[in-house]
**Student:** 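The structure is given below, and queries will be raised subsequently.
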Amino acid sequence: MKFAEKLGIHYENKINEHLAFDDVALLPGKSDFEPNEADISVWITPEHLLAIPFISSPMDRVTESEMCIALAREGGLGVLHRNCPMQVEVDMAKKVKREEISGIIRDPYTVTPDTPISTVIRIMREKNISGLPVLDKSGDLVGIITNRDVVAANPDSPVSKEMTPKEKLVTTLEKDILENGKLNTEKVKQLLHLHRIEKLLVLDELLKLTGLITLKDLKRLEDSPHVSRDVEGRLMVGASISPFDHERAIRLDLVGVDILVIDIAHGMNVNAINSVEKISKDINAWIMYGNIATEEGAQEVITSDINKLASLRVGLGGGSICQTTQVTGVGVTTLSATALAADAVQEHDANISIVADGGIRASGDIAKAIGVGASAVMCGYLFAGTDEAPSEKVYIRGVPMKRYRGMASPSALRERYTVDRYTRGSKRIAEGVEGMVSYRGSVRTLVRDLASALKASYGYVGARTTKEMWEKARFSKRTMIGVREGLPHDVIPESQFQDMYDTF
Ligand code: XMP
């Protein structure tokens with residue numbers, strides 16, 4: 001069955017009703033497994049498996065290095081925004097790639113033997129770390145200094161006076177703890193336990209420092225079994241580019257970005273497709289192309305000459321901060337656009353994943369998008385309120401919030417780097433808005449909750465895997481009254497009585 005038919009779309013019609021997330025609900029199906037047995041992992045490219053199908057939008061209030069690191073550690077993917085100079089985006093990508101390899105911290109912050117203790121204390125405080133390897137001028141390891149060594153030390157004395165010196169250091173060779181690119185956590189734990197230490201220094205065969213493993217990171221590794229990694233064990237990262245920015249594409253590719261996300265509002269633009277065809281011949285990364293929102297749009301891209309096309313980013317005008325439909329009259333609901341694009345992929349028997357982008361507000365929307373052929377969802381609004389989103393938490397009447405804005409909002413456009421997503425040449429009209437979203441805590445808690453809810457959806461539908469979701473998901477169309485019935489109703493939230501309690 002065609003995905004669009006599930007939503008009552010018939011290709012021969014001149015006008016079709018394009019249903020949105022709230023217009024439909026999934027129907028329950030026979031299930032012979034428990035929800036926690038559902039497998040929600042997906043191949044987002046032929047080489048990249050995501051344990052959880054959540055991708056963050058390339059937006060400047062959503063995704064910088066911190067978001068990418070947090071999402072990759074949970075099995076998802078962050079896509080760096082490009083509303084910044086090229087070098088800044090390149091540095092953000094480098095930061096993700098250098099963060100760790102298979103649990104080993106690469107490029108740890110280091111100091112020299114003559115660094116004053118006051119500087120050590122400042123670095124520890126600023127970077128929230130509790131120990132620094134000490135390297136001499138030629139880069140050889142000569143000691144380690146930890147917070148225990150500095151608490152009562154004279155701030156003016158040099159590190160060499162307080163550090164644990166080379167002779168007493170506990171180190172390990174990288175080859176002894178890595179097996180086929182995977183960290184042998186048991187071996188590391190034994191070493192930490194044996195020497196009653198919290199930090200293990202990792203060396204190469206020339207005895208140069210290659211990294212650091214901390215007890216804290218080890219615990220986190222054990223608690224996050226589904227990290228998104230590249231073949232070298234580094235964290236996976238996506239980065240966005242304008243379809244016309246050849247140089248930025250090449251620079252990001254050199255850093256080892258896994259997926260280059262082509263970031264243009266109207267992906268059916270032939271100049272953009274032609275440009276990306278050229279760029280794709282010069283890079284190694286896989287490409288996610290978008291946005292497109294119709295079957296013809298998807299076909300145009302699928303049959304183009306874009307090398308290593310892995311994914312289509314689908315949606316137009318559905319985003320929480322979008323104004324495109326209001327301003328231009330053009331838009332396709334994300335649910336319907338997803339079904340249309342998925343049909344095109346199916347028709348061409350293409351190995352291309354669909355990413356539903358825009359308007360995802362809750363786990364139910366994610367399940368519905370997957371039910372009409374998406375492999376994953378891209379979210380701005382959902383992630384903008386988390387700790388890892390790059391904006392300050394602010395309190396409005398005591399309620400914690402974070403700032404969020406469309407990349408075609410007036411203030412984002414003023415920063416000019418996104419100009420060619422929404423405006424090239426003469427056109428320069430805001431197609432986005434800016435505002436606040438509720439603070440949501442850490443990405444980790446959020447995506448774990450979303451993943452549990454998504455597994456519950458698979459359980460109700462009776463789909464063990466995403467492929468089964470595509471086959472088995474069926475929908476009912478809801479009336480306004482039905483929508484109301486599907487939400488909590490008639491119960492008065494206790495919070496409304498909070499003031500009364502306070503006066504008792
Ligand atoms: P959500 O609903 O997750 O949507 O906040 C995020 C997606 O919205 C798109 N986007 C925009 N669309 N004007 C638009 O019409 C804008 O200024 C804008 N900024 C982002 C983009 O696809 C993103 O992933």
Side-chain angles (χ1 to χ4, degrees), residues 20-22 53-63 67 71 76-83 238-240 242-243 259 261-267 288-293 297 311-335 337-338 341 354-366 368-369 374 376-386 389 391 402-423 427-438 440 443 446-447 450:
F21 292 119
D22 280 347
F54 312 142
I55 302 175
S56 67
S57 295
M59 299 172 75
D60 62 5
R61 297 277 188 263
V62 180
T63 315
M67 179 66 72
L71 271 172
L77 179 74
V79 181
L80 295 167
H81 75 84
R82 63 185 179 88
N83 197 19
S240 59
S242 143
I259 304 177
V261 176
I262 310 302
D263 188 38
I264 180 168
H266 184 36
M288 182 187 295
Y289 188 93
N291 283 38
I292 50 104
S311 191
L312 292 177
R313 184 178 167 197
V314 180
L316 205 176
S320 61
I321 32 54
C322 290
Q323 230 185 348
T324 298
T325 307
Q326 200 181 6
V327 171
T328 66
V330 179
V332 186
T333 61
T334 301
L335 184 74
T338 301
I354 298 286
V355 175
D357 173 27
I360 309 275
R361 299 149 303 168
S363 45
D365 296 343
I366 301 175
K368 291 174 194 176
V377 291
M378 181 175 269
C379 306
Y381 159 77
L382 271 184
F383 294 130
T386 61
S391 84
K402 290 197 104 178
R403 292 184 203 284
Y404 182 39
R405 66 179 181 185
M407 295 318 299
S409 62
S411 69
L413 286 181
R414 273 198 298 278
E415 280 163 39
R416 123 191 123 76
Y417 295 100
T418 48
V419 162
D420 47 9
R421 176 175 164 93
Y422 293 91
T423 64
K427 190 176 150 227
R428 196 152 204 250
I429 300 157
E431 289 180 30
V433 298
E434 46 210 283
M436 314 288 292
V437 293
S438 300
R440 286 177 181 275
V443 158
L446 172 66
V447 297
L450 291 173

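If you're wondering where the values come from, they're calculated on a predicted model, not measured in any experiment. Numbering of ligands and ligand atoms starts at 1, following listing order.
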**Student:** Atoms of ligand 1 less than 4.0 Å from Gly432 heavy atoms?
**Tutor:**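 What qualifies from ligand 1 is 13 (N), 16 (C), 17 (O).
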**Student:** How many angstroms lie between atom CZ of Arg61 and atom OG of Ser409, to the nearest 0.5 angstrom?
**Tutor:**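 Between Arg61 CZ and Ser409 OG, I get 8.0 Å after rounding to 0.5 Å.
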**Student:** Counting each atom of ligand 1 from 1 as listed, which ones have a heavy atom of Thr324 under 4.0 Å away?
**Tutor:** 14 (C), 15 (O)
**Student:** For Gly318, is at least one N or O under 3.5 Å away from an N or O on ligand 1?
**Tutor:** no
**Student:** Could you tell me which atoms of ligand 1, counted from 1 in the order shown, lie closer than 4.0 angstrom to a heavy atom of Cys379?
**Tutor:** 3 (O)
**Student:** Start with the C-alpha distance between Leu312 and Ile292, add both sets of side-chain angles, then the distance that settles side chain to side chain contact (heavy atoms under 4.5 Å, CB included), and finish with yes or no.
**Tutor:** CA-CA 7 Å; Leu312 292 177; Ile292 50 104; 4.2 Å; yes
**Student:** Among Met59, Arg313, Glu431, whose heavy atom sits nearest atom 21 (C) of ligand 1?
**Tutor:** Arg313
**Student:** What residues form a side chain to side chain contact (heavy atoms under 4.5 Å, CB included) with Ala384, not counting sequence neighbours?
**Tutor:** Val62, Tyr404, Val437
**Student:** Show me which atoms of ligand 1 lie under 4.0 Å from any heavy atom of Ser57.
**Tutor:** 6 (C), 23 (C), 24 (O)
**Student:** Is it true that Asp60 and Arg82 have a side-chain N and a carboxylate O under 4.0 angstrom from each other?
**Tutor:**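 Not counted as a salt bridge, because no side-chain N and carboxylate O are separated by less than 4.0 Å.
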**Student:** Return the set of residues passing side chain to side chain contact (heavy atoms under 4.5 Å, CB included) with Thr334 (not counting sequence neighbours), or none when no residue passes.
**Tutor:**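 With neighbours one apart ignored, the set is Phe21, Thr338, Ala356.
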**Student:** Against heavy atoms of Gln323, which atoms of ligand 1 measure under 4.0 Å?
**Tutor:**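 Near Gln323, the atoms of ligand 1 are 15 (O).
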**Student:** Counting from 1, what ligand 1 atoms have a heavy atom of Gly406 closer than 4.0 Å?
**Tutor:** 16 (C), 17 (O), 18 (C), 19 (N)
**Student:** Salt bridge or not for Asp22 and Arg361, using N-O below 4.0 Å?
**Tutor:**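 A salt bridge links Asp22 with Arg361.
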**Student:** Compute the minimum heavy-atom distance from Gly315 to ligand 1 and say whether it is under 4.0 Å.
**Tutor:** no
**Student:** Give yes if a backbone or side-chain nitrogen or oxygen of Gly317 is under 3.5 Å from a nitrogen or oxygen of ligand 1, and no if not.
**Tutor:** no
**Student:** Can you tell if the side chain of Leu77 reaches within under 4.5 Å of the side chain of Ile55, non-hydrogen atoms only?
**Tutor:**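 Leu77 vs Ile55: side chains touch.
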**Student:** Against ligand 1, does Phe383 come closer than 4.0 Å with any heavy atom?
**Tutor:** no
**Student:** Any donor-acceptor pair under 3.5 Å linking the side chain of Lys402 with the backbone of Ala389?
**Tutor:** yes
**Student:** With heavy atoms only and a cut-off of under 4.0 Å, state how Asp357 meets ligand 1: side chain, backbone, both or neither.
**Tutor:**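 Side chain only.
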**Student:** Testing Thr328, Val330, Asn291 one by one against Leu316 for a side-chain contact (heavy atoms from CB on, under 4.5 Å), which residue passes?
**Tutor:**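 By the side-chain contact (heavy atoms from CB on, under 4.5 Å) criterion, Leu316 pairs with just one of Thr328, Val330, Asn291: Val330.
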**Student:** When only distance counts, is Ala408 in polar contact with ligand 1, meaning an N/O pair under 3.5 Å?
**Tutor:** yes
**Student:** Within the 4.0 Å heavy-atom shell around Ser320, which atoms of ligand 1 are there?
**Tutor:** 1 (P), 2 (O), 4 (O), 5 (O)
**Student:** Would you call Arg361 a ligand 1 contact, heavy-atom distance under 4.0 Å?
**Tutor:**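 No, that is not the case, since the closest heavy atom of the residue is not under 4.0 Å from the ligand.
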**Student:** With a 4.0 Å heavy-atom cut-off (strictly under), which part of Asn291 contacts ligand 1: side chain, backbone, both or neither?
**Tutor:** side chain
**Student:** So is Ile321 polar-close to ligand 1, meaning N/O to N/O under 3.5 Å?
**Tutor:** no
**Student:** Other residues, nucleotides and ligands only: do more than 12 of their heavy atoms fall within 6.0 Å of CZ on Arg440?
**Tutor:**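 Atom CZ in Arg440 is crowded, with more than 12 foreign heavy atoms closer than 6.0 Å.
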**Student:** If you measure from CZ on Arg313 to CD1 on Ile354, what distance do you get to the nearest 0.5 Å?
**Tutor:** 13.5 Å
